[in-house]
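The structure displayed is predicted, hence computed values, not measured ones. Quick note: residue numbers are just sequence positions, from 1. Basis for what follows: all heavy atoms, side chains included, without hydrogens, waters or symmetry-related copies.
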Amino acid sequence: MAVTTADVLKIALDMAGFSETPADSAIYFPGENIRRIIIGIDMEAPELLLAKQEGFDLVISHHPKGGGALLRFADVLSRHVEFMTAHGVPEPVARDAVGELIYDARCQAQAANYDRAPSMARRLQIPYMNIHLPLDEIGRKRMVAVVDSLDPAATVKELLGAFEHRLPECRAAATEIELRVGLASHPIGHAAVIHAAGTNGGIPVARALYNHGVDTVIYIHCSGPDSRRLNQDFHDQGRNLIVIGHMTGDSLGINPFAEELISRGLDVTCMSGIIRNENLQIP
């Protein structure tokens, strides 16, 4: 079977339940008659050269690497508002919590070299794209399903065990799931999986959730300074912060997508941070 870059993108959108391409995903150099695909979490100029040398038809990066996906990345950060309001945070508070994050992202985009990797793809004449939010949404749903399988009275320790048991990427990862705020003996209570919104919401988003009835926040990554500050502010309030791990969390969405491509007869190679092995079974 052969496909086009547009076909590949549509498969991801359909799996995520999206009707439109989000701002953080793009086709940088289109192609057709694609049979061999190489995909990784970060695929840039060196990986493009490798792919050309090894005869691949398409390079897919998970993270945005240029063009509109980099320049308009800030647009997807508003999903934090949707998630926060769904968990009881008033909309004005939610918008205020994510305001600095959006502003900073716009400043970073304005300073970025948005054509570095895409120009390499054009020079090499190799199809190149990135798919970010759709794959993160697939991974988010897998994490939500684990949370929903437990009673809110269950402990954080039980939730950590459920992640390990039900998500093979968590077992295969070289990093561990970490409890940065709270105790393993705490009840899960009201839990919020904050993923598929561009990046994590840091202190402001977690604080807004904690202050409006959320007991357990789940990120896939959180900086050391943010983790320390949240622990200082909320460790004695029965709140919890679980950090899955960046490569783990991204792999949760990439692997089902890779499996779908393979099921359609495409040759798919995974690299660059994707947690995958021959025995990995995707539920």
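- Put simply, OH on Y103 and CG on L77 are 15.0 Å apart, with the number rounded to the nearest 0.5 Å.
- With hydrogens and angles disregarded, a donor-acceptor distance shorter than 3.5 Å links the side chain of D24 to the backbone of L133.
- Here the CD1 atom belonging to I242 is positioned 12.5 Å from the CD1 atom belonging to I194, to the nearest 0.5 angstrom.
- When each of N231, D233, D226 is paired with R229, the side-chain hydrogen bond (donor to acceptor under 3.5 Å, both in side chains) condition holds for D233 and for no other.
- Under a hydrophobic-cluster definition in which Ile, Leu, Val, Met, Phe, Trp and Tyr are linked whenever side-chain heavy atoms come within less than 4.5 Å, directly or via other members, I126 and I60 are assigned to different clusters.
- The closest side-chain heavy-atom distance from L167 to M143 is below 4.5 Å.
- For the ring pair (Phe, Tyr, Trp, His ring centres under 6.0 Å) test, residues two or more places apart in sequence or in another chain that qualify with H246 are H63, H221.
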- request: Please assess V81 against E91 for the test side chain to side chain contact (heavy atoms under 4.5 Å, CB included), listing each intermediate value before the final yes or no.
  value: CA-CA 7 Å; V81 175; E91 185 171 336; 4.2 Å; yes
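- The neighbour count for Q237 CD, taken as heavy atoms of other residues, nucleotides or ligands under 6.0 Å away, is above 12.
- Under the 3.5 Å distance criterion, the side-chain polar atoms of H87 are left unmatched by any main-chain donor or acceptor of G213.
- The cluster map of Ile, Leu, Val, Met, Phe, Trp and Tyr, joined by side-chain heavy atoms under 4.5 Å apart, puts Y114 and V59 in different clusters.
- Contact record, Y219 with G201: OH-C, 3.4 Å, taken as the closest heavy-atom pair.
- Proximity of L50 to M271: side-chain heavy atoms (C-beta onward) are separated by under 4.5 Å at one or more points.
- Pairing each heavy atom of L70 with each of A112, the nearest pair is CD2-CB, 3.7 Å.
- Note on I131: it clusters hydrophobically with I138, by side-chain heavy-atom contacts below 4.5 Å among ILVMFWY residues.
- With hydrogens and angles ignored, the 3.5 Å screen pairs a side-chain donor or acceptor of R180 with a backbone N or O of C222.
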field: Step-by-step side chain to side chain contact (heavy atoms under 4.5 Å, CB included) determination, T5 to I34
entry: CA-CA 8 Å; T5 45; I34 292 163; 3.7 Å; yes
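- Between V217 and L230, the closest side-chain pair of non-hydrogen atoms is not below 4.5 Å.
- Atoms CG and CG, on N240 and L160 in that order, are 9.0 Å from each other to the nearest 0.5 Å.
- Between the side chain of D7 and the backbone N or O of T4, at least one donor-acceptor pair lies under 3.5 Å.
- Heavy atoms only, all atoms of each residue included: A191 and V147 are closest at CB-CG1, 3.8 Å.
- H212 contributes a side-chain N or O that, together with a main-chain N or O of A208, makes up a donor-acceptor pair within less than 3.5 Å.
- In the displayed structure, Q110 atom CD is contacted under 6.0 Å by at most 12 heavy atoms of other residues, nucleotides or ligands.
- Between R79 and E137 a salt bridge is recorded (basic side-chain N to carboxylate O distance below 4.0 Å).
- Salt-bridge check for K10 with D14: passed, with a basic side-chain N closer than 4.0 Å to an acidic carboxylate O.
- Of the possible donor and acceptor atoms, one in the side chain of S251 sits under 3.5 Å from a partner among the backbone N and O of I275.
- Annotation: side chain of F83 is not in contact with side chain of H195 (no heavy-atom distance under 4.5 Å).
- Of the possible polar contacts, none joining the R207 side chain to the A97 backbone as a donor-acceptor pair under 3.5 Å is found.
- Residues passing the side-chain contact (heavy atoms from CB on, under 4.5 Å) test with R122 are F29, D115, P118, S119, sequence neighbours excluded.
- At distances below 3.5 Å, not a single donor-acceptor pair connects side-chain atoms of R106 with backbone N or O atoms of A74.
- In this structure, R166 and S149 approach most closely via the heavy-atom pair NH1-CB, 3.0 Å.
- Using a 4.5 Å cut-off on side-chain heavy atoms (C-beta onward), P187 and P152 make no contact.
- In the hydrophobic cluster analysis, where Ile, Leu, Val, Met, Phe, Trp and Tyr join through side-chain heavy atoms closer than 4.5 angstrom, I38 is grouped apart from I41.
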task: Kindly indicate, with the supporting measurements, whether the criterion side chain to side chain contact (heavy atoms under 4.5 Å, CB included) is fulfilled by C270 and I39.
output: CA-CA 5 Å; C270 294; I39 180 171; 3.8 Å; yes
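- When side chains are defined from C-beta on, V89 does not count as touching V205, because their heavy atoms never get closer than 4.5 Å.
- Using modelled atom types, one side-chain atom of K52 and one backbone atom of L124 make a donor-acceptor pair closer than 3.5 Å.
- Atom CD1 in I11 sits 6.5 Å away from atom CD in E260 (nearest 0.5 Å).
- Take Y28 and apply the ring pair (Phe, Tyr, Trp, His ring centres under 6.0 Å) test, not counting sequence neighbours, and it matches Y128.
- For the atom pair I244 CD1 and I220 CD1, the distance stands at 9.0 Å (nearest 0.5 Å).
- Here the closest non-hydrogen pair linking A12 and F257 is CB-CE1, 3.7 Å.
- Surrounding CZ of R116 are at most 12 heavy atoms belonging to other residues, nucleotides or ligands under 6.0 Å away.
- How far CD1 of I254 is from CG of L261: 11.5 Å, rounded to the nearest 0.5 Å.
- Remark: the N130 side chain and the S61 side chain contain no N/O donor-acceptor pair separated by less than 3.5 Å.
- Residue E44 comes nearest to K65 through the heavy atom pair OE2-NZ, 3.2 Å, listed as atom of the first residue, atom of the second, then distance.
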- prompt: Which is it for L48 and M43 under the side chain to side chain contact (heavy atoms under 4.5 Å, CB included) test, yes or no, and what are the steps along the way?
  reply: CA-CA 7 Å; L48 286 165; M43 303 292 276; over 6 Å; no
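- Residues H62 and D136 have side chains in contact (heavy-atom distance under 4.5 Å, counting atoms from C-beta outward).
- Connection of M15 to M129 is established within a shared hydrophobic cluster, with ILVMFWY side chains joined at heavy-atom distances below 4.5 Å, either directly or through further cluster members.
- Between D215 and R239 a salt bridge is recorded (basic side-chain N to carboxylate O distance below 4.0 Å).
- For the pair S25 (side chain) and H132 (backbone), a donor-acceptor distance under 3.5 Å is present.
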